[in-house]
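Labels below follow one simple rule: chain letters A, B, ... track the order of the sequence lines, proteins then strands, and each chain is numbered from 1.
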Amino acid sequence: MTVAAPTPARKPSRPEPQPAAAAPPAVGALLAWYDRHRRVLPWRAPPGARGDPYAVWLSEIMLQQTTVKAVVPYFLRFTAAFPTVRDLAAADLDAVLRLWAGLGYYARARNLHACARAVVERHGGVFPDNEAALRALPGIGDYTAKAVAAIAFDAPVVPVDGNVERVMTRLHAVAEALPAAKPRVKALAAALMPAPRPGDVAQALMDLGATICTPKAPACVLCPWAEPCAARRRGDPETFPRKAPKREGTLRRGAAFVAVRADGAVLARSRPPSGLLGGMTEVPTTDWSADFQTRTARDHAPMLGLGPSDWRRVPGVVTHVFTHFPLELVVLVARAPHGAEAPAGCRWIAAGDIAGAAFPNVMRKVLAHAGVAVGPAAPPSRPRRG
DNA sequence: AAAGCGTGGCT
DNA sequence: TAGCCAAGCTT
């Protein structure tokens, strides 16, 4: 069965995608599969119903570049704390950041907050029902606008995320590499419409990509689209999508200063409102650079009425890998006396408030390395009794 | 328009 | 294990 089936001859003279050339893959088969195998998710409406726009939007923002498993507990905490978009809009940004801490890509949390306020101010607290108006909101790009429009309002659009890219590039054996192939893939996806139940088509594509058409070892025997799939016919579905190579970042180093007051409070400050970890809380650190010299670290320590020799270097380093560079931090610890005053731009965070503060995970690693008790950013839901 | 932007899970 | 990779957006 491993006939090296040639793909349909490519015509160099016509670089055009082939939208409706072949009979469109049977959306009916996809929906039938979805009706039997759809995942049950906290933000998902029961069969036959539309998703609640607020829940759909919140989940879509959280799910950007983030796994379902990681999102679920955050989603439950957010909806408990902010049952409606008006509640979220009325909250302080810092309260939102504290709840988001640990989930990553913190610009999402800032935009989430701004978006909630925009929905209240521009739309009276009701999410707009069309892609264009959604697209104009903070943090909502092409994908999310289409996803909310389709899932919450049954708009006849097909959101293209990583799952859909994988499904469509395999279905059509798209030879071109991403991201250059994005326009072609979007056109192929758009050609699925018009079809019944656009919201379910969108969710079905994502479920298919997440559970059957997986990056490695796709379960083609279980796939409702095995028949029309060009990549499966070729015998190498796992080689799609093709991807352009990405370059890796260079290692940066720095030092972090953990000052612990006699009552257990820790010295902290807020990062600038935008950029890396924007708006999140951190302990004082040096700049992070490729040529950082550990020997000079103490020169950057906050004074607090202490001398350089009061800072003790904790053996070892804290390592953390961001999307675009790896980071290595040495940690220095000092004990500050009871009345010690926070330097300008810094503040003390009481021992009991550390777990709930807006410390990103890299800072939690630093605190833990320094011997400060700090829970995970996202405490897993309590273990079930029994 | 290419680069910046987190984190955890999986193989 | 050490890469990949996950329901992308912004500038």
Side-chain angles (χ1 to χ4, degrees), chain A residues 39 41-44 51 55-75 97 100-112 114-115 134-152 158-167 178-180 182-183 186 189 199 201-211 213-217 238 241 243-250 252 271-280 282 288 319-327 358-365 376-378 380:
Chain A
R39 290 176 293 174
L41 301 168
W43 47 85
R44 197 170 262 186
V56 172
W57 162 73
L58 179 58
S59 68
E60 288 298 340
I61 300 298
M62 289 183 164
L63 286 162
Q64 290 168 7
Q65 302 290 282
T66 309
T67 57
V68 166
K69 184 180 196 305
V71 163
V72 166
Y74 281 86
F75 177 85
L97 291 178
W100 196 278
L103 197 53
Y105 283 138
Y106 299 100
R108 290 185 297 173
R110 289 180 259 124
N111 287 330
L112 184 85
C115 183
L134 289 162
R135 180 68 179 80
L137 264 8
I140 298 188
D142 179 66
Y143 163 78
T144 305
K146 285 185 166 70
V148 174
I151 298 170
V158 182
V160 177
D161 68 338
N163 287 310
V164 182
E165 279 180 350
R166 194 164 53 251
V167 170
L178 294 172
K182 264 185 195 299
K186 284 185 183 180
V201 170
Q203 296 178 92
L205 286 169
M206 295 178 205
D207 277 18
L208 188 68
T211 64
C213 197
T214 50
K216 309 175 181 181
E238 69 285 349
K243 293 201 175 182
K246 60 187 81 170
R247 49 178 279 254
E248 61 181 283
T250 56
R252 300 183 202 179
R271 292 182 61 86
S274 64
L276 181 67
L277 304 174
M280 301 297 285
E282 67 174 3
W288 305 343
T319 63
H320 192 79
V321 180
F322 293 101
T323 305
H324 52 301
F325 69 91
L327 174 67
F359 284 118
N361 277 4
V362 60
M363 287 299 145
R364 286 169 197 271
K365 287 185 189 177

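Comparing the P positions of C/dT11 and B/dG6 gives an interatomic distance of 14 Å, to the nearest angstrom.
The 5' end of DNA chain B is approached more closely, in terms of each residue's nearest nucleotide, by A/Phe325 than by the other of A/Lys69 and A/Phe325. Between A/Asp161 and A/Lys216, the residue anchored nearer the 5' end of DNA chain C, judged by the nucleotide with its closest heavy atom, is A/Lys216. When each of A/Arg39 and A/Pro138 is assigned the nucleotide of DNA chain C bearing its nearest heavy atom, the one mapping closer to the 5' terminus is A/Arg39.
In the model, A/Thr66 has no side-chain atom that pairs as donor or acceptor with a side-chain atom of A/Tyr74 under 3.5 Å. Side chains of A/Gln64 and A/Tyr143: a donor-acceptor N/O pair is absent below 3.5 angstrom, by distance only.
With rounding to whole Å, A/Phe359 atom CZ is found 17 Å from B/dG6 atom C1'. Distance A/Arg271 CZ to B/dC5 P: 9 Å, rounded to the nearest Å. Atoms OH (A/Tyr105) and P (C/dT10) sit 14 Å apart, rounded to a whole Å. Distance, A/Met62 CE to B/dG8 P: 15 Å, rounded to whole Å. In this structure, A/Leu97 atom CG and B/dG6 atom C1' are separated by 14 Å, rounded to whole Å. Summarising the geometry, the separation between OH on A/Tyr143 and C1' on C/dA6 is reported as 11 Å, rounded to the nearest angstrom. Rounded to an integer number of Å, the gap from CZ of A/Phe75 to P of C/dA6 is 22 Å. Remark: P of C/dG8 and CD1 of A/Ile61 are 11 Å apart, rounded to the nearest angstrom.
Residue A/Asn361 has its side chain nearest to B/dG8 when only B/dG8, C/dC9, C/dA6 are considered. For A/Gln64, counting side-chain heavy atoms from C-beta on, the closest listed nucleotide (B/dC5, C/dC9, B/dT7) is C/dC9. Comparing atom distances between the A/His324 side chain and each of C/dT10, C/dC5, B/dC5 picks out B/dC5 as nearest.
Looking at A/Thr66, its side chain comes within 3.5 Å of the base of B/dG6 through a donor and an acceptor atom. Side-chain atoms of A/Thr323 and base atoms of B/dG6 include a donor and an acceptor less than 3.5 Å apart.
Among the protein residues, A/Val71 comes within range of no part of the nucleic acid, since none of its heavy atoms lies under 4.0 Å from any strand. Note on A/Leu41: a base of the nucleic acid sits closer than 4.0 angstrom, heavy atoms only. Here A/Trp57 lies out of heavy-atom contact (under 4.0 Å) with every strand. Using a 4.0 Å heavy-atom criterion, one finds that A/Arg166 contacts the sugar-phosphate atoms exclusively. Among the atoms of the strands shown, none is found under 4.0 Å from any heavy atom of A/Pro179. Note on A/Leu103: a base of the nucleic acid sits closer than 4.0 angstrom, heavy atoms only. If you check every strand for non-hydrogen atoms under 4.0 Å, A/Val164 touches nothing. Heavy atoms of A/Thr144 sit under 4.0 angstrom from primed sugar atoms or phosphate atoms, though from no base atom.
With respect to A/Arg166 and A/Asp161, no salt bridge is recorded, no charged nitrogen being found less than 4.0 Å from a carboxylate O.
Contact annotation: A/His320 side-chain N/O to B/dG6 OP1/OP2 distance is not under 4.0 Å.
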ask   = Going through the checks in order, is the side chain to side chain contact (heavy atoms under 4.5 Å, CB included) test met by A/Met280 and A/Trp100?
value = CA-CA 10 Å; A/Met280 301 297 285; A/Trp100 196 278; over 6 Å; no

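A cation-pi arrangement is present between A/Arg271 and A/Trp288, with the terminal nitrogen or guanidinium carbon under 6.0 Å from the aromatic centre and inside a 45° cone about the axis.
In this pair, A/Phe325 and A/Phe322 present their aromatic rings tilted. The plane angle is within the 30 to 60° band.
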